[in-house]
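Have a look at the structure below before the remarks.
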Number of protein chains: 2
Amino acid sequence: MISTREKILNESLDLFAAKGYHGTSMREIAKAVGIKGSSIYNHFSGKEDIFSELFNYLAPLNLESEKFQEKFMAADTDPLKVLNYFANIVIEEMQDNNKVKLLKMMLRENNNPVVKKRLQSRMKNNIERITKFFAQLQQQGKIKSNLEPAFTANEFVSALIYYRMRYLLFELDSFEELKEATQKHICFFWENIREK
Amino acid sequence: MISTREKILNESLDLFAAKGYHGTSMREIAKAVGIKGSSIYNHFSGKEDIFSELFNYLAPLNLESEKFQEKFMAADTDPLKVLNYFANIVIEEMQDNNKVKLLKMMLRENNNPVVKKRLQSRMKNNIERITKFFAQLQQQGKIKSNLEPAFTANEFVSALIYYRMRYLLFELDSFEELKEATQKHICFFWENIREK
DNA sequence: CCTACCGATCGGTAGG
DNA sequence: CCTACCGATCGGTAGG
């Protein structure tokens, strides 16, 4: 059974993602949950509280990349497989409704200092991990020696984020097109960086 | 001399970009202009009117890429120069304060149907143009024959947009870093696609 | 361009 | 979890 507190969080996420924080009222959230506006205050101290609690509520979703750190750095795995593995995580995120809504909300409210910090650290962490991965591949002589690992990581990630934006924000592509474009990018990119 | 109407548009753009449409009140806009809230209605029929008039007011800024269409397609120009030329347009946009604010506002309010349409058509048009450019290069035997022009266009653009996002939205990079990364991307990308 | 004002709605509280 | 209510602020209007 889903608790009222959880219902409030779910409906808030939905509304904040679609209409923005200031575009959503407490009464709207309450109506979506099926209670009166004042009843929300039995579960949260205010609107800001709901917003910030959303990040704790959905925190487990944010840790995915750490789980795969060791996979990244396993020296013996096929590099192309690791790249595919990483891309699949990014894509599968897009099939998780809550994750999609959280991302949409964060992009909308990106001027909020808490949101900005989270977006920044998420981006930074991912780039750092992939940079290390490429640096290792270079030491092993598997990718071209003239590549800067950090630059390579950014170039790799740029298309993943771009295709995701097309799907998520601009709604220019279907989910199938997102998958296909990402797949193509990985093949193209790997061909360009691998030592032949 | 700048008119009150223009002052209202400028201050609205500023506030909408920073705090969002719903996060900005008519009285806030008026205060920034230096008049009372009710006086705005001598220039605009309402808040929505200001928002939509912003696009007409800033329309000249949106036409840049059409001006350069012929430059793109001039068969004899050095392709690398054309790519650089395009990238410079993208970068120079980021030095125009109004352009930056407009983009921030549009990304914020991307769920607004008018905004969504504009973002989509802008993206589509750019991709179409660059696709034609790459198709032409391919016919001329200047880039690899196995490349799909549309895919190549998306891959080219993805990093430009990514580095811009880092600068604009995430504020991870300085303007200098934006320029440098974009420059590097073009060289790297061109080396990967050109027929040797 | 202002003062004065409208009804509606906002986030939030009291008290049960 | 509700009813009833708070002061503040919202977008907008009337009238000068």
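Worth saying up front: this structure is predicted, and the values here are computed from it rather than measured. Residue numbering restarts at 1 for every chain, and letters A, B, ... go by the order of the sequence lines.
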(request) For the pair Lys142(B) (side chain) and Gln136(B) (backbone), establish whether a donor and an acceptor sit closer than 3.5 Å, ignoring hydrogens and angles. (result) no

(request) Calculate the interatomic distance between Ile29(B) atom CD1 and dC1(C) atom C1'; express it in whole Å. (result) 17 Å

(message) Rounded to whole Å, please give me the gap between CD1 in Ile35(B) and P in dC2(C).
(response) 6 Å

(request) Can you tell me the distance, in whole Å, between the CD atom of Glu28(B) and the P atom of dT9(D)? (result) 11 Å

(request) Please confirm whether the backbone N or O of Ile143(B) pairs with a side-chain atom of Gln138(B), one donor and one acceptor, at under 3.5 Å? (result) no

(message) For dA4(D) and Ser38(A) - does any side-chain N or O of the residue sit under 4.0 Å from the phosphate oxygens OP1/OP2?
(response) no

(message) Wobble G-U and Watson-Crick pairs count when both distances are under 3.5 Å; given that, what is the 5' to 3' dot-bracket string of DNA chain C, with | for pairing to other strands?
(response) ||||||||||||||||

(message) Can you tell me if Lys47(A) touches the phosphate of dG11(C), counting only side-chain N or O atoms and a distance under 4.0 Å to OP1 or OP2?
(response) yes

(message) For Ala32(B), is there any backbone N or O sitting under 3.5 Å from a side-chain donor or acceptor partner on Lys7(B)?
(response) no

(message) Could you tell me how far apart Asn42(B) (CG) and dT13(D) (C1') are, to the nearest whole angstrom?
(response) 11 Å

(request) State which of dT3(D), dC2(C), dG11(D) makes the closest approach to the side chain of Ser25(B). (result) dG11(D)

(request) Can you tell me the distance, in whole Å, between the CD1 atom of Ile40(A) and the C1' atom of dT13(C)? (result) 14 Å

(request) Measure from CZ on Phe44(B) to P on dC1(C) and round the result to the nearest Å. (result) 12 Å

(request) Look at His22(B) and dG11(D) and indicate whether a side-chain polar atom (N or O) is within less than 4.0 Å of OP1 or OP2. (result) no

(request) Considering only NZ, NE, NH1 and NH2 on the basic side and carboxylate oxygens on the acidic side, decide whether Arg166(B) and Glu177(B) come within less than 4.0 Å. (result) no

(message) By nearest heavy atom, map Gly37(A) and Gly34(B) onto DNA chain C; which one lands nearer the 5' end?
(response) Gly34(B)

(message) For Ser39(A) and Arg27(A), find the nucleotide of DNA chain D closest to each by heavy atoms; which residue's nucleotide sits nearer the 5' end?
(response) Ser39(A)

(message) Has Asn192(A) got a side-chain atom pairing as donor or acceptor with Phe188(A)'s backbone, closer than 3.5 angstrom?
(response) yes

(message) Rounded to whole Å, how long is the line connecting atom CZ of Phe16(B) with atom P of dG11(D)?
(response) 9 Å

(message) Can you tell me how the ring of Tyr21(B) sits relative to the ring of Phe51(B), calling it parallel under 30°, perpendicular over 60° and tilted otherwise?
(response) perpendicular

(request) Could you check how far NZ of Lys31(A) sits from P of dC10(C), rounded to whole Å? (result) 11 Å

(request) Check for a donor-acceptor pair, side chain of Arg108(A) on one end and backbone N or O of Asn110(B) on the other, with a separation under 3.5 Å. (result) no

(message) Taking the minimum atom-to-atom distance to the side chain of Tyr41(A), which one of dG11(C), dT13(D), dC1(C) wins?
(response) dG11(C)

